[in-house]
Each structure stands twice: as C-alpha cells, then as structure tokens.
Amino acid sequence: MKKQNWCIKSLELLLVAWSMQMAQVKEVILVTGGAGYIGSHVAYQLVQRGCRVIILDMFVHNQPFNHSWATVVRGDCGDRATLDTVFEKYHIDAVMHFAAFAYVGESVQDPAKYYVNNVTNTITLLNAMRAHGVKKIIFSSTCAVYGIPLQLPLVETHQRCPVNPYGNTKLSIELLLNDFAVAYGMQFVAFRYFNAAGGDAQNGLWEWHVPETHIIPLALRAAMNGKSFTVFGNDYATSDGTCIRDYLHVHDIAQAHVLALDYLKKGGASDFFNLGTGRGYSVKEILDMVETVCGKKIKRITGNRRAGDPAILVADATKARNILGWRPAFSDLQPLITAAYEAERARRACGNDF
Ligand SMILES: NC(=O)c1ccc[n+]([C@@H]2O[C@H](COP(=O)([O-])OP(=O)(O)OC[C@H]3O[C@@H](n4cnc5c(N)ncnc54)[C@H](O)[C@@H]3O)[C@@H](O)[C@H]2O)c1
C-alpha cells in the first residue's frame with residue numbers, strides 16, 4: 001500500500017513537471033514582412049503576449065532592423081526552399097502574412113511585379129503551410145478590394161470591385177484563402193485595413209517606406225523640413241472639398257491580430273474583417289492637426305485629383321467588434337498624429353533620415 005502511494009505521488013509530480021514545461025512552450029508565429037511597418041508592430045505585440053516570432057523579410061526598403069526580440073530570416077517568402085527550412089527548423093504554429101508590394105501607382109505601371117510577389121508568392125507560402133501541416137493564417141488585405149464605394153460606411157459584404165492591380169492582387173488572395181479553407185481545412189482571418197498610421201517611438205518602431213506615399217509621414221516631413229505638401233484635389237463632395245479617409249493606429253491593428261490568433265485557436269470560422277474606426281478625417285483636417293502637433297506651418301499646394309481616388313473611404317468595423325471583441329483605443333486624431341510625430345523624431349534621432 002505504501003509503495004502504491006509512493007508511485008501515485010511520483011506520477012503526480014511528473015505530471016506537474018510536464019505541465020509546467022508545456023506551459024513554457026511558446027507558440028511560434030511566422031511573420032512574413034515582419035521587418036516592415038505594420039508587421040514589426042504586430043510582431044512586437046506578439047512577443048509581448050508570450051509568442052516566439054520568426055520574421056521572414058527580404059527588406060525591400062533597405063530598412064534597418066536591430067531588434068533582438070525576434071528571430072530574423074532574410075529571404076523571400078516566395079522561395080519554397082527557404083520556407084521549408086523555416087517551417088522545419090522553427091516548428092511554426094501559425095502565419096501572419098504582411099509581405100507584399102503595396103504601391104497603387106507602381107501596380108498600374110508594372111502589374112506583373114505585383115501579381116508575382118503578392119499572388120504567386122502567397123500560393124507558394126500556402127502550399128508550404130499545407131506541406132508542413134500549418135493551418136492558421138492571418139492575412140493583410142486592404143479596403144482597396146472594395147473599389148469605388150456604393151454605400152458608406154463600407155461593410156464587408158459591399159461589392160469587391162478593385163480599381164487597380166494592387167487591389168486585384170489582394171482580392172485574388174482573399175479568393176485563394178477561401179478556396180484553400182474549403183478544400184484543405186485551412187483557417188484564415190483576412191483583415192481589410194483602412195489607413196494605417198502612428199508608430200512606437202519608445203520601442204524603436206516606425207513607418208519606413210521608400211518612397212513614402214502615405215499622407216501622415218509626408219505631412220510631418222513637410223512641416224518639419226519646411227517643404228511643400230500637395231493636396232490632390234479640393235473639389236470633392238466633402239465638407240471641406242478634400243478626401244476623407246479612416247486612419248487607424250498600428251497598435252490597434254496589432255491588437256486585432258492578437259485577437260484573431262485567439263479566435264482561430266478557439267476554432268473560429270475563417271472570415272474577412274474591416275479594420276477601421278468608422279470615423280473619417282479629411283486631408284485638410286490631417287494637415288491642420290500635423291501643424292498643431294509640430295507647431296509648424298505647412299506650405300499647401302493644390303494639385304489635380306488622382307485617378308481612382310474616391311471622395312470618402314470609411315469602414316464599418318462592427319463585425320470585428322462583435323466577433324473578435326476588437327475596440328480601437330489609440331486612433332483619435334491628436335494622439336495618433338502625436339505618435340507618428342514622435343516616431344518620426346525618434347527615427348531621425350537614430351540618424352535615419354531621408
Ligand atoms: N500601410 C497601410 O496603410 C496598409 C493598408 C492596407 C493594407 N496594407 C497591407 O499591409 C501589409 C503591410 O504593409 P506595410 O505598410 O507594413 O508595408 P511595408 O512595405 O512596410 O512592409 C512589407 C514588408 O514585406 C517585405 N516583403 C515584401 N515582399 C516580400 C517577399 N516576397 N518576401 C519577404 N518579404 C517581403 C518588405 O521587405 C517589407 O519589409 C501589406 O501587405 C500591405 O498591402 C497596408
């Protein structure tokens with residue numbers, strides 16, 4: 001009897017030790033494009049949540065990335081041999097796929113470049129996932145899949161009718177994901193981001209696109225460098241004639257990704273979600289706020305409208321709120337632009353100026 005008790009006790013101790021070890025096993029997330037703007041912020045938040053992050057990035061902007069909290073693999077996510085090595089070596093649990101080309105204008109001039117990097121390379125990634133038994137993927141789509149809005153705010157069921165090759169490549173991937181989920185049991189969340197903005201100066205994370213085309217960093221640089229800023233059209237049917245967009249802090253985007261991972265882990269159904277605040281700001285309101293935050297005036301020039309630019313793009317993000325429990329918390333205009341300004345100053349302080 002004594003011996004039996006001793007055996008049970010030992011077994012219990014072994015079980016406790018085993019479960020403690022299991023609790024320490026980190027979830028491993030492959031973040032393609034994780035050295036880029038949004039991917040790096042999401043990767044950092046995943047690490048804060050206890051995940052191990054493997055970044056696969058080919059550094060198209062030649063951006064510096066000196067963070068030790070992630071394992072960085074320099075390479076192309078369309079290269080099957082690299083993917084096989086990464087999946088085998090790191091035992092990946094899930095993938096977050098940010099890697100893409102994302103310049104609308106360039107996609108019109110060179111659509112082949114966009115279809116190869118965005119679509120063909122995603123097929124290679126998805127096939128590698130299948131081969132290595134990885135089922136979960138969170139994908140960076142865009143509001144550009146909607147094209148010209150027929151109703152506002154945009155809901156996920158709005159018609160998808162992109163007006164440029166960039167939007168077409170993202171819509172193609174959405175269709176692919178859907179088919180792969182049905183046929184191969186993959187689980188996905190595709191986020192249709194509206195306009196990402198802000199940064200994380202404290203942790204050395206910021207926007208780094210070469211060339212930069214996004215309004216907030218361009219307006220900040222115009223204010224800080226005393227350069228002019230061109231407003232593309234001031235005769236739209238909006239309150240002040242300039243275009244209205246829905247801006248979202250990268251911290252809020254990162255939070256949505258963490259929630260989506262939990263959602264998929266609990267067996268949530270594959271789905272598409274808008275990520276936006278539902279509150280739009282005009283180009284003029286952005287410039288006014290940049291001036292307030294920087295304490296400097298911007299020389300404004302009025303240019304022509306850009307082809308395919310809708311007057312207003314604003315998200316209805318009710319679905320992300322109801323299903324994922326996502327609430328944007330950092331995206332009010334003043335704190336958002338202040339965060340972007342601080343990130344811009346921190347980047348310059350590191351000697352990284354354009
Ligand atoms: N920034 C936005 O406002 C916004 C809006 C909607 C959608 N998106 C989407 O979000 C994603 C991230 O956008 P971002 O602004 O962070 O872009 P980014 O250019 O800063 O980051 C993309 C990263 O992917 C890498 N990359 C590109 N192709 C690759 C490949 N084949 N293999 C490995 N790495 C590769 C680049 O080197 C870069 O570091 C993109 O898919 C973009 O289409 C962005």
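Each ligand, and each atom within it, is numbered from 1 in the order the structure gives. In what follows, every heavy atom counts, from backbone to side chain, and hydrogens, waters and symmetry copies are set aside. Everything numeric here is computed off the predicted structure, so don't read it as measured data.
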Enquirer: Let's go through Asp235 and Arg305 carefully: what are the C-alpha distance in whole Å and the side-chain angles of both, what is the deciding distance for salt bridge (Lys or Arg N to Asp or Glu O under 4.0 Å) to 0.1 Å, and is it a yes or a no?
Expert: CA-CA 9 Å; Asp235 56 353; Arg305 290 181 178 203; 3.0 Å; yes

Enquirer: For atom 5 (C) of ligand 1, find the nearest protein heavy atom and state the residue, atom name and distance (0.1 Å precision).
Expert: Phe194 O, 3.4 Å

Enquirer: Please list the nearest protein heavy atom to atom 20 (O) of ligand 1 with its residue and the distance rounded to 0.1 Å.
Expert: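 Closest protein heavy atom to atom 20 (O) of ligand 1: Tyr37 N, 2.9 Å.
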
Enquirer: Near Ala102, which atoms of ligand 1 are under 4.0 Å from a heavy atom of that residue?
Expert: 42 (C), 43 (O)

Enquirer: Where on Phe59 is there a heavy atom closer than 4.0 Å to ligand 1, on the side chain, on the backbone, on both, or on neither?
Expert: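 Under 4.0 Å from ligand 1, Phe59 contributes backbone atoms alone.
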
Enquirer: For His214 and ligand 1, answer yes if some heavy atom of the residue is under 4.0 Å from a ligand atom, otherwise no.
Expert: yes

Enquirer: Please state which protein non-hydrogen atom is closest to atom 32 (N) of ligand 1 and give its distance, to 0.1 Å?
Expert: Cys77 N, 2.9 Å

Enquirer: In terms of ring plane angle, is the pair His251 and Phe330 parallel, tilted or perpendicular, where the classes change at 30° and 60°?
Expert: perpendicular

Enquirer: In the protein, which heavy atom is nearest to atom 11 (C) of ligand 1, and how far is it?
Expert: Phe98 O, 3.3 Å

Enquirer: Based purely on interatomic distance, does Ala196 place a nitrogen or oxygen under 3.5 Å from a nitrogen or oxygen of ligand 1?
Expert: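 Such a contact does occur with ligand 1.
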
Enquirer: Using a 3.5 Å distance criterion without hydrogens, assess whether the side chain of Thr169 forms a donor-acceptor pair with backbone atoms of Tyr166.
Expert: yes

Enquirer: Heavy atom of Lys170 under 4.0 Å from ligand 1?
Expert: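 Distance cut 4.0 Å: Lys170 passes for ligand 1.
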
Enquirer: Taking N or O atoms only and a 3.5 Å limit, does Phe101 qualify as a polar contact for ligand 1?
Expert: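 No - when backbone and side-chain N and O of Phe101 are compared with those of ligand 1, no distance drops under 3.5 Å.
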
Enquirer: Using heavy atoms and a 4.0 Å limit, tell me yes or no: is Ser141 in contact with ligand 1?
Expert: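 Yes, Ser141 has a heavy atom closer than 4.0 Å to ligand 1.
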
Enquirer: Measure Tyr166 to ligand 1 on non-hydrogen atoms and call it side chain, backbone, both or neither using the 4.0 Å cut-off.
Expert: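 The answer is the side chain.
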
Enquirer: Could you tell me if Asp288 and Tyr281 have a donor-acceptor pair between their side chains, going purely by distance under 3.5 Å?
Expert: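 Side chains of Tyr281 and Asp288: no pair found under 3.5 Å.
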
Enquirer: Is the distance between the ring centroids of His257 and Tyr263 under 6.0 Å?
Expert: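 Aromatic pair excluded; centres sit 6.0 Å or further apart.
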
Enquirer: In ligand 1, which numbered atoms sit nearer than 4.0 Å to a non-hydrogen atom of Asn121?
Expert: 31 (N)

Enquirer: Tell me, please: is Arg192 in heavy-atom contact with ligand 1, that is, under 4.0 Å?
Expert: no

Enquirer: Run the ring-centre check on Phe59 versus His61 and record whether the distance is less than 6.0 Å.
Expert: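 That pair fails the under 6.0 Å test.
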
Enquirer: Starting from atom 21 (O) of ligand 1, what is the nearest protein heavy atom, named by residue and atom, and what distance separates them?
Expert: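 Scanning the protein heavy atoms, the shortest distance from atom 21 (O) of ligand 1 goes to Gly36 CA, 3.4 Å.
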
Enquirer: Among all protein heavy atoms in this structure, tell me which lies nearest to atom 31 (N) of ligand 1, with the distance rounded to 0.1 Å.
Expert: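 The closest one turns out to be Asn117 OD1, 2.7 Å.
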
Enquirer: Below 3.5 angstrom, do we get any N/O pair linking His61 and ligand 1?
Expert: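 Indeed, backbone or side chain, His61 has an N or O that close.
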
Enquirer: Please determine whether any non-hydrogen atom of Gly75 lies less than 4.0 Å from an atom of ligand 1.
Expert: yes

Enquirer: Does the ring centre of Phe188 sit less than 6.0 Å away from the ring centre of Phe272?
Expert: yes

Enquirer: Go through Glu27 and Lys136 one step at a time and tell me if the salt bridge (Lys or Arg N to Asp or Glu O under 4.0 Å) criterion holds.
Expert: CA-CA 12 Å; Glu27 211 171 354; Lys136 297 179 187 61; over 6 Å; no

Enquirer: Parallel under 30°, tilted from 30 to 60°, perpendicular over 60°: which one fits the rings of Phe273 and Phe191?
Expert: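 Phe273 vs Phe191 ring planes: tilted.
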
Enquirer: Between Tyr193, Phe191, Tyr247, flag the one that comes closest to atom 10 (O) of ligand 1 by a heavy atom.
Expert: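 Looking at heavy atoms only, the winner is Tyr193.
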
Enquirer: Okay, side chain of Asp316, backbone of Leu154: is any donor-acceptor separation there less than 3.5 Å?
Expert: no

Enquirer: Do side-chain atoms of Lys170 reach the backbone of Ser140 as a donor and acceptor pair under 3.5 angstrom?
Expert: yes

Enquirer: Report yes if some N/O of Val60 lies less than 3.5 Å from some N/O of ligand 1; otherwise report no.
Expert: yes

Enquirer: What about Trp208 and Tyr37, are their ring centers closer than 6.0 Å?
Expert: no

Enquirer: For atom 14 (P) of ligand 1, what is the nearest protein heavy atom, given as residue, atom name and distance?
Expert: His209 NE2, 3.7 Å

